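These figures come from a predicted structure and were not determined experimentally. All ligand and atom numbering here is 1-based and tracks the order in the structure.
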Amino acid sequence: MTEKKAVFFCSASSEIDPKYNQAAREVVRAACLAGYSIVSGGSFRGTMGVVCDTATQMGAKCYGVLPTFMKGMEYEGLTELTWTEDMAERKDKMREGASVAVALPGGIGTMDEFFETLVLAKLGKFDGRVAVLDYAGFFEPLRALLDHFVATGMLTPEDRARAEFASTPEELAKIF
Ligand code: AMP
């Protein structure tokens, strides 16, 4: 059987409200229970560390991908750690073999990973599903931005629909 992989884009910050990390934990748990291996940026920082902790505790395979200039930031205990030259290669490697990409609450790094993945999905270069955890309304402004793109003809409703928003971890977990 081929390995099922879910890639998580999420915050590297440790300054965020813990409720976002709790929600992240629930989503990763659900993915592990559904038999997915977990891929993330692979750092111990912020929500990424929470994603790795949860996957490891659940006994799932936990893959991390880091650019060499982040040496020292890697999560200890990854099933496999891949080093890349730069951030662009890192994003490609993170998506490799993933059938689901999930954006958890995060900042500009998360948005970079989310938008690139959505563009690739639109162009037929990423054939997985793209989910967004809009927990506690965190991604309301992102929904509004995408709606604005549709209203102004910048984005088709079909491509807008490629970003599958869920408001709770339970709702998002249906994707696994
Ligand atoms: P952000 O959402 O701005 O906190 O960025 C986090 C996302 O971008 C993660 O999914 C990482 O892949 C990547 N990233 C950005 N900054 C870092 C960092 N300091 N350490 C590890 N990964 C990072």
Side-chain angles (χ1 to χ4, degrees), residues 5-32 36-56 60-121 125-126 128-146 163-166 169 172 175-176:
K5 285 187 184 174
V7 58
F8 288 84
F9 309 135
C10 57
S11 178
S13 169
S14 50
E15 307 295 315
I16 65 173
D17 189 316
K19 71 183 178 190
Y20 298 121
N21 285 333
Q22 184 49 39
R25 223 171 261 123
E26 288 171 38
V27 175
V28 174
R29 234 181 92 78
C32 295
Y36 280 78
S37 298
I38 306 301
V39 187
S40 74
S43 163
F44 60 79
R45 289 173 175 247
T47 309
M48 252 177 299
V50 172
V51 167
C52 293
D53 278 343
T54 309
T56 309
K61 286 191 174 154
C62 181
Y63 301 106
V65 187
L66 281 143
T68 47
F69 67 81
M70 283 189 189
K71 257 211 162 80
M73 290 188 199
E74 62 271 27
Y75 180 89
E76 291 293 327
L78 290 168
T79 309
E80 200 177 296
L81 169 58
T82 303
W83 292 107
T84 63
E85 283 277 307
D86 52 35
M87 296 295 272
E89 187 193 359
R90 179 197 210 189
K91 287 181 280 178
D92 282 339
K93 288 270 181 238
M94 284 171 74
R95 271 187 301 263
E96 226 169 68
S99 53
V100 183
V102 181
L104 298 170
I108 55 175
T110 302
M111 285 298 87
D112 174 43
E113 293 163 341
F114 162 73
F115 275 112
E116 184 175 281
T117 305
L118 195 60
V119 170
L120 291 172
K125 302 293 179 194
F126 175 70
R129 291 172 71 182
V130 184
V132 183
L133 182 63
D134 178 25
Y135 185 68
F138 180 83
F139 277 127
E140 207 46 60
L142 176 62
R143 285 194 204 233
L145 181 64
L146 294 173
E164 302 181 49
F165 283 81
L172 193 138
I175 206 163
F176 301 121

Might you point out which heavy atoms bring [X] and [Y] nearest each other, and give the distance in Å?
X      : Y      : result
Met87  : Pro67  : SD-CG, 3.7 Å
Leu133 : Pro169 : CD1-N, 3.9 Å
Thr56  : Gly77  : OG1-O, 4.4 Å

Less than 4.5 Å apart, any side-chain heavy atom of Tyr75 and any of Val51? no
Residues Tyr20, Phe138; criterion ring-ring contact (aromatic ring centres under 6.0 Å, His included); working and verdict: CA-CA 9 Å; Tyr20 298 121; Phe138 180 83; 5.2 Å; yes
Taking Ser40 for its side chain and Met48 for its backbone only, find out whether a donor-acceptor pair lies under 3.5 Å. no
At a 4.0 angstrom heavy-atom cut-off, what protein residues surround ligand 1? Phe9, Cys10, Ser11, Ala12, Gly41, Ser43, Arg45, Met48, Met70, Met73, Arg90, Gly106, Gly107, Ile108, Gly109, Thr110, Glu113
